[in-house]
Amino acid sequence: MKMTGLVDSWQRQINYLRISVTDLCNLNCVYCSAGSIARLAHDDILRYEEIQRIVRIAAGMGITKVRLTGGEPLARPDFVKLAAMIAEIDGIDDIAVTTNGILLSKYARELKEAGLNRVNVSLDTLKRDRFKQITGGDKLAAVLSGIKAAHRAGLEPVKINVVVMRGKNEDEILDFGRKTIEDGWHVRFIEFMPFGTCGTDGVETVPTSEIYERLQALGNLEPITGPAGNGPAKYFQFPGSRGSVGFITPMTEHFCATCNRLRITSDGHLRPCLLGNDEISLKEALRNGAGDDEIKRLIQQAVIIKREEHHLSGELAPEAVTRPMSQIGG
Ligand code: SAM
């Protein structure tokens with residue numbers, strides 16, 4: 001079958017753009033940004049008009065799905081305006097946000113009205129004290145209200161992302177599993193990736209096989225297609241449950257063969273792989289007056305240099321990923 005649009009050197013169709021709209025966050029999670037980062041200068045961050053232009057050009061090349069992330073996207077002033085600016089672009093049929101949920105109570109409805117389709121909310125614990133330890137903020141209640149607000153606004157499916165860490169929150173695997181049965185949550189367990197310059201010392205990955213085994217205490221997990229999305233998660237369900245359990249396995253079973261993404265860092269670099277340092281600066285071109293054809297050429301180039309797979313659990317040392325997650329966009 002002949003593929004059209006953006007196709008990389010390994011015959012993967014690239015139709016999904018993830019954009020870090022800010023490196024700033026209103027939390028300071030131990031494994032993500034804690035203690036690590038020289039923040040980017042205001043002028044280094046892409047302006048909304050620049051982001052919109054990139055997405056418009058990329059949409060003309062075959063990008064149909066956009067995720068806005070960060071940092072904390074909802075903490076950037078006028079973020080609703082950016083959602084609306086992306087939503088009006090022809091060819092973009094899915095806009096999602098990854099958020100810590102703190103500001104969702106305030107913005108969920110406006111975001112839906114602006115054209116946002118759905119949200120993923122990151123939440124690693126259901127315990128207030130532990131939330132403070134992991135994130136540095138006393139905001140668990142705000143996140144839980146935010147999740148409810150997202151449902152009320154119809155930002156469906158609302159997916160809850162849980163990074164499982166040995167000795168830190170692994171004892172809550174069953175609590176999150178119960179949420180899929182009792183409250184219809186779509187919970188995705190994510191393997192912690194020990195990379196970057198962040199506070200990853202003492203944080204250890206719990207392999208998905210172990211999480212899966214532990215969940216069997218709640219019933220037999222049956223494979224399902226899963227809620228709408230573009231990602232690599234594999235989905236399951238407990239019998240009779242409205243919700244779902246997803247697993248994302250960057251460490252124990254990478255999913256590079258089906259990777260359909262390009263990323264844009266908060267300072268305007270195209271990054272073909274989360275876990276590889278290859279980057280192409282778009283911002284420089286944009287600010288030097290490049291025409292659409294030049295921007296297209298750079299996007300095409302990023303697709304061509306996209307590597308076959310990442311090596312986080314192989315020969316590339318974790319510290320070789322030189323940027324924090326908040327700039328790349330998790
Ligand atoms: N602030 C938003 C949020 O909290 O969802 C978006 C940005 S955050 C970097 C996106 C996701 O990356 C979160 O779900 C976070 O848990 C995840 N993340 C950050 N560092 C990670 C790591 N080292 N391994 C696995 N997931 C990580």
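Note that these values count all heavy atoms, side chains included, but never hydrogens, waters or copies made by symmetry. Counting convention: from 1, in listed order, for ligands and their atoms alike.
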Problem - Centroid separation Y212 to F236 less than 6.0 Å - result: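 Under 6.0 Å, so yes.
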Problem - Check: T69 N/O within less than 3.5 Å of ligand 1 N/O - result: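 Looking only at distances, the answer is no, because the N/O contact criterion of under 3.5 Å is not met.
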Exercise for the section: For ligand 1, find out whether one of its N or O atoms is nearer than 3.5 Å to an N or O atom of D124. Expected result: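 N/O-N/O distance below 3.5 Å does not exist for this pair.
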Practice task
Specify side chain, backbone, both or neither for V121, according to which of its non-hydrogen atoms lie closer than 4.0 Å to ligand 1.
Solution key: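 Looking at V121 and ligand 1, no heavy atom falls under 4.0 Å.
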Handout entry: Within residues 96-116 or reaching into it, pairs that qualify as salt bridge (charged side-chain N to carboxylate O under 4.0 Å, His left out) - sequence neighbours excluded
Key =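 Checked against salt bridge (charged side-chain N to carboxylate O under 4.0 Å, His left out) - neighbours excluded - no pair reaches residues 96-116.
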Practice task
Taking only Lys NZ, Arg NE, NH1 and NH2, and the carboxylate oxygens of Asp or Glu, determine whether R130 and D171 approach each other closer than 4.0 Å.
Solution key: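 Answer for the salt bridge query: yes.
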Handout entry: Salt-bridge contact E210-R166 (side-chain N to carboxylate O under 4.0 Å)
Key =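 Yes.
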Exercise for the section: Check K65, R118, R67 against D94 for a side-chain hydrogen bond (donor to acceptor under 3.5 Å, both in side chains) and give me the one that passes. Expected result: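 Single pass found, and it is R118.
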Exercise for the section: If a pair satisfies side chain to side chain donor-acceptor pair (under 3.5 Å) and one of its residues is in residues 131-145, list it, with sequence neighbours excluded. Expected result: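 Qualifying pairs: R128-D138.
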What atoms of ligand 1 come closer than 4.0 angstrom to any heavy atom of [X]?
X	answer
T99	2 (C), 3 (C), 4 (O), 5 (O)
S122	3 (C), 4 (O), 5 (O), 13 (C), 14 (O)
V163	16 (O), 26 (N)

Handout entry: Close approach, G71 and ligand 1, non-hydrogen under 4.0 angstrom
Key =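 It does, in that a heavy atom of G71 comes within the 4.0 Å cut-off of ligand 1.
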Problem - Proximal candidate to atom 23 (N) of ligand 1 [heavy atom criterion; set E72, M193, R188] - result: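 Considering heavy atoms of E72, M193, R188, the nearest to atom 23 (N) of ligand 1 sits in M193.
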